[in-house]
Each structure stands twice: as structure tokens, then as C-alpha cells.
Amino acid sequence: MTDTTFTPRVFSGIQPSGGLTLGNYLGAMKRFVDMQNVGGFETVYCMVDLHAITVWQDPAALRQNTRELAAGFIASGIDPEKSILFNQSQVPEHAQLGWIFNCVARMGWMQRMTQWKDKAGKNSQNASLGLFGYPALMAADILIYHATHVPVGEDQKQHLELTRDIAAKFNNDFGVDFFPITEPVIEGAATRVMSLRNGSKKMSKSDPSDASRINMTDNADTIAKKIRKAKTDPEPLPESAEGLAERPEARNLVNIYAALADQSVDAVLAEVGGKQFGEFKPMLADLAVAKLAPISTEMARLMQDQAEIDRILARGAERGREIASPILKKTYEIVGMVGS
Ligand code: TYM
């Protein structure tokens with residue numbers, strides 16, 4: 001733990017690797033908007049293009065996906081005046097601090113990361129070095145802003161624990177109280193949105209079945225159809241959250257409803273407990289369309305003016321550097337870099 005008081009500052013990032021899903025929206029983006037609007041925090045949000053290239057990205061697609069993700073942030077309610085919004089590569093201090101952290105973090109820490117094991121699979125000798133070091137760059141993203149709070153979905157929890165370990169080891173190695181021990185913010189009904197086809201698998205853009213996920217670019221008809229076809233069980237909905245324990249598909253749909261409606265799971269079940277899915281699914285489809293279709297329409301509108309998106313990102317990068325650059329300079333001084 002540190003004794004220093006840090007400015008309350010939120011940082012989070014999303015990879016521009018194509019296909020923003022309902023999982024990204026409910027687990028991350030919507031909560032980024034809430035933290036922007038709640039007041040009391042500076043909010044910094046980033047399209048992590050350096051992370052995306054840890055696996056192959058076609059350059060033209062990366063450019064397109066970065067702009068589309070920026071449009072997704074803005075359409076979801078991120079106000080580029082209130083929040084700082086940019087793509088990671090344009091604030092070079094991320095990569096510079098990332099290198100320092102490569103020298104702080106240990107191989108064993110990285111080897112334990114479940115995301116590394118999942119992504120590299122059996123063919124780890126052929127994975128990029130960047131994929132292995134991914135969490136050290138992630139720690140740099142957060143700590144280059146001295147961010148105190150990081151809203152993410154459940155799947156990022158282990159990476160955020162590692163961020164805390166890196167901050168603590170740096171502070172300890174150099175005898176300083178310089179980097180904050182960041183708080184993960186993993187809250188709400190939708191920290192782990194599951195596949196619509198399999199309630200024990202995470203909803204993911206890389207699932208081969210498009211029916212398993214709702215994409216933020218899906219139109220109203222597609223959203224409604226995917227919800228109608230979502231896997232369920234034959235029982236009616238329970239009256240309370242405990243009744244969802246052994247029912248992953250039912251739990252997932254109720255969680256999605258609760259997150260979209262900004263209600264607790266218990267409040268939702270007080271309303272829909274006892275109903276059959278034949279009745280609940282159309283309610284969920286209406287709610288999802290009402291909340292998501294305007295976002296996809298606005299994303300498409302924003303994508304018409306790419307020059308404006310590029311201007312917003314360039315301005316965001318400038319503002320990001322204003323915070324990041326003195327923190328990097330101080331880090332270099334601590335480490336002993338002559339000329340810093
Ligand atoms: P990424 O791009 O995979 O996902 C972005 C955010 O979406 C959340 N998420 C989900 N939440 C709930 N249910 C799901 N099915 C679901 N799928 C994705 C993720 O938890 C995440 O919050 N390593 C990060 C990006 C990153 C980052 C950072 C995040 C890089 N640097 C610094 C926070 C701070 C990632 O790959 O997220």
C-alpha cells in the first residue's frame with residue numbers, strides 16, 4: 001500500500017481488434033460512461049492498438065477498427081470534452097513505461113496469466129513476445145496516468161492483480177512511494193456476459209458463431225432475432241437470484257436485462273419471476289433494441305466523418321501526454337536515466 005494521495009483518476013482500454021460486443025458494452029463501455037458522469041474522477045479511455053498487434057492485424061483493418069471503436073465510445077456516451085479519448089500508440093509514454101515494467105515483472109508472473117495460456121495455447125513457442133509481455137504494457141497503460149480506478153470485466157481481474165504487483169515491486173525496488181496500488185472496479189450485473197448459445201462460455205468477438213453474441217453494429221432486427229433464438233431452459237424464471245444458481249443461460253439473460261435496465265437482478269426478478277421465456281425474451285429484445293439500436297445508428301453516423309474522429313483522437317492524445325509525460329520523466333529519474 002502507499003501513503004501518497006493520488007488524484008482520483010479512471011483509466012481503461014479496449015482493443016481495436018474488430019467487433020465490439022454486448023459484453024464489451026455492458027462489462028466496460030457503459031460503466032466507463034457512468035464513471036465519466038458520476039463526477040469526482042478524471043476519466044481516461046484508450047483504444048489499445050499496441051495490444052491489438054500482439055496478434056496479427058491487417059493494417060487497413062486496424063485503422064478502420066480503431067476509428068469504429070472511437071465511434072463506439074462516443075456513441076455510447078463518452079464525451080471527448082469530459083473524458084480523454086485516444087489511441088494508445090499516439091501517447092508513446094505507454095510503450096516507454098512498458099519497457100521499464102518489462103524489466104520489473106518476472107517471467108513466472110507472466111507464465112501464470114490465464115489469458116496467455118488461453119491465447120498462446122499449445123503453440124506458445126510461436127506466439128509473439130508481445131503477447132507474453134502484454135500484461136506489463138497493460139500495467140503501464142494504467143500507471144502512466146497514476147490511475148486509481150480501473151473499470152473492467154471479470155476476465156481482466158488477473159491482469160489488474162499483476163498491475164498491483166508491478167506497482168508494488170517498482171516502489172519497493174527503488175524505495176519510493178510513486179505508483180498507486182490501483183483498484184479494479186468489477187461491478188454490476190454484467191461483469192461476465194456469456195454466450196447466447198452456451199451459458200458457461202464468455203460472449204466473445206472471436207466465437208465462430210455470430211449467433212452467440214450481439215455485436216454493437218447489429219441492427220434492431222438482428223438483435224431481436226438473436227435474443228429470440230438464445231438458448232434457455234424449460235423452467236419459468238425464479239423469484240430470486242438464488243434460483244438462477246444452476247441455470248447459466250437463464251442467469252445470463254437476466255443479468256443482461258438488469259444491466260441494460262440499470263436495475264439489480266433481484267429487482268428484475270421481482271418483476272419477471274414466474275414468467276416463461278416465451279414472455280421474457282420479447283421483453284428483453286425490446287429493451288435491448290431500445291438501448292442498443294440508437295448506439296449502432298449513431299456509430300454509423302459518426303463513421304461518415306472520419307476526419308472528425310481523427311481530430312478527436314489527436315486532441316485526446318495531446319491531453320493524455322500532458323499527464324503521462326511528467327510521470328515518465330519522474331520514473332526515468334527514479335530509475336537513474338541520465339538526462340531525465
Ligand atoms: P478487451 O478488448 O478484450 O475487452 C474490453 C473490455 O470489455 C470487457 N469484456 C467483457 N465484460 C463482460 N462480459 C464479457 N463477455 C466481456 N468481454 C469483454 C473486458 O473485461 C474489458 O474490460 N486487456 C484488455 C485491454 C486493456 C486494458 C488496459 C484494460 C489494455 N490495457 C488497461 C484496462 C486497463 C482487453 O483485452 O480488453
Side-chain angles (χ1 to χ4, degrees), residues 9-33 35 43-55 57 65-66 68-69 72-73 76 86-89 91 94-95 97-98 101 113-116 118-119 130-131 133-164 166-167 182-207 212-216 248 251-252 255-256 258-260 320 324:
R9 189 175 288 141
V10 171
F11 178 90
S12 201
I14 299 185
Q15 295 194 62
S17 43
L20 201 55
T21 70
L22 180 66
N24 297 130
Y25 176 66
L26 293 178
M29 197 91 91
K30 183 170 184 295
R31 296 172 49 240
F32 299 174
V33 175
M35 292 191 90
T43 44
V44 185
Y45 298 123
C46 184
M47 280 133 270
V48 289
D49 48 9
L50 297 172
H51 278 111
I53 63 161
T54 57
V55 298
Q57 304 291 328
N65 290 334
T66 303
E68 190 172 278
L69 181 54
F73 269 101
S76 299
F86 61 97
N87 53 316
Q88 188 187 27
S89 57
V91 178
H94 289 239
L97 184 62
F101 287 169
M113 294 295 111
T114 53
Q115 192 157 311
W116 157 251
D118 290 349
K119 279 205 175 176
L131 189 67
Y134 182 115
L137 179 60
M138 190 164 152
D141 296 338
I142 296 165
L143 296 172
I144 197 66
Y145 299 99
H146 276 183
T148 52
H149 294 77
V150 184
V152 285
E154 178 72 38
D155 60 352
Q156 296 301 314
K157 190 166 180 231
Q158 197 185 27
H159 285 160
L160 294 192
E161 282 160 5
L162 191 103
T163 298
R164 293 163 67 95
I166 289 178
T182 301
E183 281 305 322
V185 186
I186 304 175
E187 284 169 4
T191 56
R192 192 170 174 80
V193 177
M194 308 308 275
S195 154
L196 299 178
R197 309 300 307 161
N198 176 352
S200 42
K201 223 170 114 188
K202 192 181 75 167
M203 182 180 285
S204 156
K205 59 188 156 203
S206 53
D207 194 312
S212 71
R213 63 180 159 264
I214 292 174
N215 305 300
M216 293 307 287
R251 185 173 59 223
N252 190 36
N255 283 347
I256 291 174
L260 284 170

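Not measured: the values here are computed from a predicted model. For ligands, and for the atoms within them, numbers begin at 1 and follow the listed sequence.
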Run through all N or O atoms in ligand 1 and write down each protein N or O closer than 3.5 Å, as a pair with its distance.
residue  : atom   : partner : partner atom : Å
ligand 1 : 2 (O)  : Q15     : N            : 2.9
ligand 1 : 4 (O)  : N24     : ND2          : 3.4
ligand 1 : 7 (O)  : N24     : ND2          : 3.1
ligand 1 : 11 (N) : G23     : O            : 3.2
ligand 1 : 13 (N) : V193    : N            : 2.8
ligand 1 : 15 (N) : V193    : O            : 2.8
ligand 1 : 15 (N) : M203    : O            : 3.0
ligand 1 : 20 (O) : G153    : N            : 2.9
ligand 1 : 20 (O) : D155    : OD1          : 2.4
ligand 1 : 22 (O) : G153    : N            : 3.2
ligand 1 : 23 (N) : Y134    : OH           : 2.7
ligand 1 : 23 (N) : Q156    : OE1          : 3.0
ligand 1 : 31 (N) : D141    : OD2          : 2.6
ligand 1 : 36 (O) : Q15     : NE2          : 2.8
ligand 1 : 36 (O) : Y134    : OH           : 2.7

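R164 contributes no side-chain N or O that, together with a main-chain N or O of L160, makes up a donor-acceptor pair within less than 3.5 Å.
Checked for salt-bridge contact, D207 and K201 meet the test: a charged N lies under 4.0 Å from a carboxylate O.
Using cut-offs of 30° and 60° on the angle between ring planes, the pair Y145 and F86 is tilted. A tilted orientation is assigned to the rings of F11 and H94, their planes being inclined by 30° to 60°.
Judged as a side chain to side chain contact (heavy atoms under 4.5 Å, CB included), and not counting sequence neighbours, the contacts of S89 are D49, L50, N87.
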- Walk me through it: do V152 and H159 pass the test side chain to side chain contact (heavy atoms under 4.5 Å, CB included)? CA-CA 10 Å; V152 285; H159 285 160; over 6 Å; no

